Every structure is written in C-alpha cells, then in structure tokens.
Amino acid sequence: MRDIRSPSPVADLDIRNGTVLYMEGVSVSFDGYKAIDELNFYVNHNELRCVIGPNGAGKTTMMDIITGKTRPDEGQCWFGSRLNLLRMKEDEIARSGIGRKFQKPTVFDNHSVFENMEVSADGVRSVYGLFTARLSGEVRAQIESTLELIGLADESRTPVARLSHGQKQWLELGMLLMQNPMLLLIDEPAAGMTHDEMDRTIELLTQLKLTHSVVVVEHDMDFVRNLESPITVLHQGSVLAEGKMQDIQEDPKVIEVYLGS
Ligand SMILES: Nc1ncnc2c1ncn2[C@@H]1O[C@H](COP(=O)(O)OP(=O)(O)OP(=O)(O)O)[C@@H](O)[C@H]1O
Ligand SMILES: [Mg+2]
C-alpha cells in the first residue's frame with residue numbers, strides 16, 4: 001500500500017469506543033421548516049458511509065451542522081467521545097480533524113498542482129508555528145505521496161486550469177488530505193464526472209477508508225453501489241433506512257420516497 005500519512009488526531013480526540021461521529025436528537029429549523037428533524041447518525045472509525053436521499057432531505061445541512069456552519073436548535077453532536085462539536089467554532093472543528101469537500105472545487109487555477117498542495121500544507125505549518133523549517137522536508141514528502149494517491153503525480157507542474165473536472169476534484173481532495181483529517185465529508189463527488197473518473201474516484205475513496213472515516217453524499221446510484229458500503233437514507237431531515245444496498249433497494253419506504261422516482 002502507498003504511504004498515506006495517518007491522520008494526526010488532536011490529543012483530546014477519544015475514539016476508543018470506535019465511534020468517530022455521534023449525532024443524536026439533532027433538529028434545526030429554517031423559518032419554521034424543520035430541515036433536520038430528530039436526526040440520529042453515527043459513523044465508526046475507518047468506515048465509509050454513503051448518505052442518499054431526495055433533494056431537500058437535509059444531507060448538506062447535516063454536513064453544515066457537523067462542520068459548525070449551521071447550529072442546530074436541539075441535539076448532541078460529538079467528534080470522538082470528548083469533542084463537543086456544538087461548542088466549537090468552524091475553524092476549530094476543521095483543525096480538530098474534520099475535513100469537508102464541497103461540490104465546487106476551490107483550487108487556484110493559475111497555479112500548478114504542486115503549488116496548490118503547498119498552499120494547503122501552509123495551513124498545517126502555521127499550526128505548528130516554529131517548526132516550519134524542520135517540517136518542510138516532511139511536508140514535501142507528504143505532498144508527493146498524496147499526489148501519488150490521487151493520481152496526479154505526473155501532473156505536479158501542470159497549471160490547474162488545464163486539469164479535467166475530475167482531476168480538479170481529486171486535487172481538492174488531496175489538498176484536504178494535507179491537513180490530516182480523521183473524518184472526511186464529501187458532498188456529491190461524482191457530479192459532472194465521466195464514467196472513468198467515477199471509477200477512479202471509487203478506487204480512491206475505497207483506499208481512503210483504510211486510513212480515514214469517510215461520509216459521502218451522492219445521488220448517482222451506480223456510484224453508490226460500487227462503493228459497496230453501508231448506506232443511510234435521509235428523508236425530511238431524519239433517517240428513513242440504513243443498511244446494505246440490497247436491503248435499501250428493496251425497502252418499500254425507500255422506493256416510495258426516493259428510488260421510485
Ligand atoms: N441556510 C439555510 N437557510 C434556509 N433554508 C435552508 C438552509 N440550508 C438548507 N435549507 C433548506 O433545508 C432543506 C434541506 O436542504 P439540504 O440542502 O440540506 O438538502 P439536501 O439533502 O442536501 O438536498 P440536495 O440533494 O438537493 O443537495 C431544504 O428545504 C433547504 O431549502
Ligand atoms: Mg445537498
């Protein structure tokens with residue numbers, strides 16, 4: 001296996017009971033509309049979890065809550081058993097080891113792949129402050145092994161503007177990995193990708209789950225099927241069903257609200 005630098009959890013992240021993310025009884029309303037309604041959601045260490053559900057089910061809002069962008073009205077939300085996410089600010093949550101990838105890549109088009117990776121490594125370096133100089137060799141090695149992992153080692157000097165949509169998505173994932181997150185939240189990675197890019201992304205996510213916990217929100221059912229992972233179906237802000245693809249596909253409730261359409 002390639003050398004993927006293992007995540008560096010903060011000292012007070014305790015995952016001894018195996019649960020990396022713990023959400024219980026979480027609700028949030030926007031102008032009286034309950035976007036998240038008594039949601040219970042748990043993610044284990046080294047688990048890849050797919051989240052599916054109709055438009056407006058609350059999938060993105062759930063990620064907004066985990067990352068501190070949206071505050072719920074009620075409920076509990078813990079990272080490991082010691083970090084209360086509802087008491088942390090967005091940047092503290094990001095630094096504690098939760099990385100989020102949005103659908104639209106936020107990369108610097110006029111810079112090379114390597115330079116983009118360096119920029120995200122800077123975030124790490126500034127956290128370590130004084131150790132900047134000593135870390136640089138290590139950071140360079142981490143950039144190189146991450147580029148290997150995301151399949152962009154040969155594009156290191158390529159300006160980002162020349163990458164395909166899929167390659168930009170992988171670069172952004174690589175930039176996220178430079179911050180050594182333990183939990184990755186990825187919203188609709190397959191959107192806009194070619195079939196080849198989707199296949200490559202499935203391989204990448206399958207590799208990432210060996211070293212990280214990953215939550216993937218996705219509408220493309222072939223993509224979800226090929227990830228061969230447990231699935232959570234969200235509907236009207238709460239869990240409608242949870243389980244293997246086969247059980248989900250045969251669940252009458254799921255067929256009615258989602259798969260049937
Ligand atoms: N900041 C906000 N202010 C007001 N309403 C919001 C906000 N964020 C989400 N909503 C509403 O909450 C509901 C859930 O939206 P959300 O984006 O979480 O759905 P989703 O499951 O991600 O849907 P999609 O599959 O279309 O991305 C929607 O009705 C949406 O309009
Ligand atoms: Mg969404």
Side-chain angles (χ1 to χ4, degrees), residues 21-43 47-77 79 85-86 88-91 93-94 98-106 165-166 168-170 172-173 176 181 183-193 197-198 201-202 205 213-227 229-243 245 248-249 251 253-261:
L21 180 72
Y22 172 101
M23 295 178 90
E24 210 156 82
V26 174
S27 298
V28 71
S29 296
F30 299 115
D31 305 320
Y33 174 75
K34 261 199 167 175
I36 296 287
D37 190 4
E38 305 260 330
L39 174 68
N40 299 328
F41 183 71
Y42 316 93
V43 178
E47 179 184 13
L48 172 56
R49 178 77 62 85
C50 291
V51 178
I52 64 171
N55 298 117
K59 304 180 296 295
T60 299
T61 306
M62 180 177 87
M63 290 190 172
D64 290 343
I65 292 172
I66 298 166
T67 53
K69 189 175 171 211
T70 295
R71 289 292 175 202
D73 305 322
E74 288 169 72
Q76 299 279 325
C77 192
F79 184 32
L85 294 173
L86 302 187
M88 294 162 71
K89 297 196 197 95
E90 241 181 305
D91 62 312
I93 292 173
I98 298 183
R100 179 180 192 176
K101 193 189 153 330
F102 291 91
Q103 197 180 320
K104 195 172 176 297
T106 47
H165 170 76
K168 282 187 192 176
Q169 298 281 339
W170 302 328
E172 205 195 13
L173 204 49
L176 208 56
L183 172 64
L184 285 164
L185 308 175
I186 307 177
D187 206 351
E188 303 199 26
M193 283 191 175
E197 287 173 339
M198 281 194 214
T201 305
I202 286 160
L205 293 174
S213 300
V214 188
V215 176
V216 176
V217 166
E218 186 49 65
H219 281 290
D220 189 298
M221 291 308 283
D222 286 330
F223 184 89
V224 172
R225 182 176 301 107
N226 288 328
L227 282 172
S229 298
I231 297 167
T232 298
V233 186
L234 280 197
H235 177 54
Q236 297 180 343
S238 47
V239 174
L240 181 71
E242 221 156 30
M245 184 59 145
I248 295 291
Q249 274 181 311
D251 187 323
K253 294 188 305 269
V254 179
I255 294 169
E256 191 189 330
V257 308
Y258 189 52
L259 297 176
S261 59

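Every number for a ligand or one of its atoms is a count from 1 in the order of the listing. All values derive from a computational prediction rather than experimental measurement. Start at 1 with the first residue, then count along the sequence.
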Could you go through ligand 1 and list every pair where one of its N or O atoms sits under 3.5 Å from a protein N or O, giving the atom names and the distance to one decimal?
| residue | atom | partner | partner atom | Å |
| --- | --- | --- | --- | --- |
| ligand 1 | 18 (O) | Thr60 | N | 3.4 |
| ligand 1 | 18 (O) | Thr61 | N | 2.9 |
| ligand 1 | 18 (O) | Thr61 | OG1 | 2.5 |
| ligand 1 | 19 (O) | Gly58 | N | 3.4 |
| ligand 1 | 21 (O) | Ala57 | N | 3.2 |
| ligand 1 | 21 (O) | Gly58 | N | 3.0 |
| ligand 1 | 21 (O) | Lys59 | N | 2.9 |
| ligand 1 | 21 (O) | Lys59 | NZ | 2.8 |
| ligand 1 | 22 (O) | Thr60 | N | 2.9 |
| ligand 1 | 22 (O) | Thr60 | OG1 | 2.8 |
| ligand 1 | 23 (O) | Gly56 | N | 2.8 |
| ligand 1 | 25 (O) | Asn55 | ND2 | 3.3 |
| ligand 1 | 25 (O) | Lys59 | NZ | 2.7 |
| ligand 1 | 25 (O) | His219 | NE2 | 2.7 |
| ligand 1 | 26 (O) | Asn55 | ND2 | 2.8 |

With the side chain counted from C-beta on, respond yes when Leu259 and Met221 share a heavy-atom pair under 4.5 Å apart, and no when they do not.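 Yes - at least one pair of side-chain heavy atoms lies under 4.5 Å apart.
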For a 4.5 angstrom cut-off between non-hydrogen side-chain atoms, does Ile98 reach Leu85?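 SC-SC contact between Ile98 and Leu85 confirmed.
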Residue pairs, two or more places apart or on separate chains, that pass salt bridge (Lys or Arg N to Asp or Glu O under 4.0 Å) and touch residues 48-62: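 Every pair satisfying salt bridge (Lys or Arg N to Asp or Glu O under 4.0 Å) with a residue in residues 48-62: Glu47-Arg49, Arg49-Glu242.
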Got a list of side-chain donor-acceptor pairs under 3.5 Å for residues 27-38, not counting sequence neighbours?
| residue | atom | partner | partner atom | Å |
| --- | --- | --- | --- | --- |
| Ser27 | OG | Glu38 | N | 2.9 |
| Lys34 | NZ | Asp37 | OD1 | 3.4 |

Say whether, by atom type as modelled, one donor and one acceptor occur between the side chain of His165 and the main chain of Ala191 under 3.5 angstrom.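 A pair under 3.5 Å: yes.
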Are the side chain of Asn40 and the backbone N or O of Glu24 linked by a donor-acceptor pair below 3.5 Å?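 It does not hold such a pair.
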Show your reasoning for whether side chain to side chain contact (heavy atoms under 4.5 Å, CB included) applies to Arg100 and Ile66. CA-CA 10 Å; Arg100 179 180 192 176; Ile66 298 166; over 6 Å; no
Val239: which of Val233, Val51, Leu234 passes side-chain contact (heavy atoms from CB on, under 4.5 Å):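 Between Val239 and the candidates, side-chain contact (heavy atoms from CB on, under 4.5 Å) is satisfied uniquely by Leu234.
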Ignoring hydrogens, what is the shortest heavy-atom contact between Phe223 and Ala190? Give both atom names and the distance.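 Distance-wise, the nearest heavy atoms are CD1-CB, 3.7 Å.
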Excluding waters, which protein N, O or S atoms are within less than 2.8 Å of the Mg ion (ligand 2)?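 Atoms qualifying: Thr60 OG1.
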